[in-house]
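Have a look at the structure below, then the notes.
Since the model is a prediction, treat every value here as computed from it, not as a measurement. Scope of the values below: all heavy atoms of this structure, side chains included, with no hydrogens, waters or symmetry mates.
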Amino acid sequence: MGWLAAGVVVGGRLGWWLFYHRREGAAEPWYEPIAIWHGGMSFHGGLVGVIIALALWSRARRAPLWNLVDAAALATPIGLFFGRIANFISAELVGRPTGVPWGMIFPGDTVPRHPSQLYEAMLEGPLLLFLLWAVRNRLRPSEGRTAALFLGLYGLFRFAVEFTRQPDSQLGFIAFGWLTMGQLLSLLLVGAGIALWLIRRPSLESGSTNSARVFRPGRALGYSNGAELTGCGRS
């Protein structure tokens, strides 16, 4: 858990600084890229940080990497759901102005806006969780393909919701008068998901074995057979 937490925090902050941050006014201190107390985190950066942390942990413990990333993918929607709910409660990452009946006026604002945080919470939480587990249980994809599906579905959901989310004030639209940085990064995730899905297709010799393999995150974490959690995506 410590490795994952470090990956989320470091990757999330560096991702925000690289993709979303724009310096204004006086020169910033040298430690600004890691100054998490100043606020500013990026999911896409956090995702990269988690992948790097899992790769390092896998190498250190000689655990199967694809098993680990699949387990993380199956559990991540739970955290995404509560994270978006927290954004909604804190009136962060608000939606664009709207005239729909369910538009909400957030504290300090006077204009009804889309509750885009709730859209993301439902799409990236329960729906994404259901789809990942349904595919995992029905199709028994080879190792790595559950993570690929996560990347693709998250990217699609995030791309769609960005049309109702207020663009970052320091960036606005970055292209075509409608494309946001979040949408650009999400398209890259979709591409990465498709590529990983193709790369991790079962070989002709072992396709039937891989597709029917029982997912055992306990084995990846180094537990004995008696402690394995068959069919569970998190320990």
Under 4.5 Å between side-chain heavy atoms, counting indirect links through other Ile/Leu/Val/Met/Phe/Trp/Tyr residues: same cluster for [X] and [Y] or not?
X      : Y      : value
Trp102 : Ile105 : no
Leu132 : Phe130 : yes
Val69  : Ile199 : no
Leu184 : Leu171 : yes

Using modelled atom types and a 3.5 Å cut-off, is there a donor and acceptor pairing between side-chain atoms of Ser142 and backbone atoms of Arg201?
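A pair under 3.5 Å: no.
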With sequence neighbours excluded, tell me which residues meet salt bridge (charged side-chain N to carboxylate O under 4.0 Å, His left out) with Arg145.
none
Run the side chain to side chain contact (heavy atoms under 4.5 Å, CB included) test against Leu118 and tell me which residues pass, sequence neighbours left out.
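Listed in chain order: Ile85, Phe88, Pro115.
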Answer whether the closest heavy-atom distance between the side chains of [X] and [Y] falls below 4.5 Å.
X      : Y      : value
Leu185 : Met181 : yes
Leu93  : Arg84  : yes
Val94  : Gln117 : yes
Phe173 : Thr180 : yes
Val161 : Leu123 : yes
Arg165 : Glu120 : yes
Leu156 : Val190 : yes

Contacts satisfying salt bridge (Lys or Arg N to Asp or Glu O under 4.0 Å) that involve residues 92-112 (not counting sequence neighbours) are Asp109-Arg113
Shortest non-hydrogen separation from [X] to [Y] and the atoms involved:
X      : Y      : result
Gly103 : Thr98  : CA-CG2, 4.0 Å
Ala148 : Trp197 : CB-N, 3.5 Å
Gln166 : Pro97  : OE1-CD, 3.6 Å
Leu151 : Gly193 : CB-CA, 3.8 Å
Pro107 : Ala91  : CD-CB, 4.0 Å
Thr164 : Ser116 : OG1-CB, 3.7 Å

Determine, stepwise, if the pair Leu131 / Phe157 fulfils side chain to side chain contact (heavy atoms under 4.5 Å, CB included).
CA-CA 12 Å; Leu131 292 175; Phe157 292 158; 4.1 Å; yes
Distance (rounded to the nearest 0.5 Å) between Arg140 CZ and Thr146 OG1
10.0 Å
Distance in Å, Leu18 CG paired with Arg13 CZ, rounded so as to fall on 0.5 Å steps
10.5 Å
Can you name the ring pair (Phe, Tyr, Trp, His ring centres under 6.0 Å) partners of Phe163, sequence neighbours left out?
Phe159, Trp178
Kindly list each side-chain donor-acceptor pair under 3.5 angstrom involving residues 46-55, sequence neighbours excluded, with atom names and distances?
none

Side-chain donor/acceptor pairs under 3.5 Å, residues 71-83, sequence neighbours excluded:
from, atom 1, to, atom 2, distance (Å)
Thr76, OG1, Ala72, O, 2.6

Could you please spell out the steps behind the side chain to side chain contact (heavy atoms under 4.5 Å, CB included) verdict for Met122 and Leu127?
CA-CA 6 Å; Met122 297 309 297; Leu127 181 57; over 6 Å; no
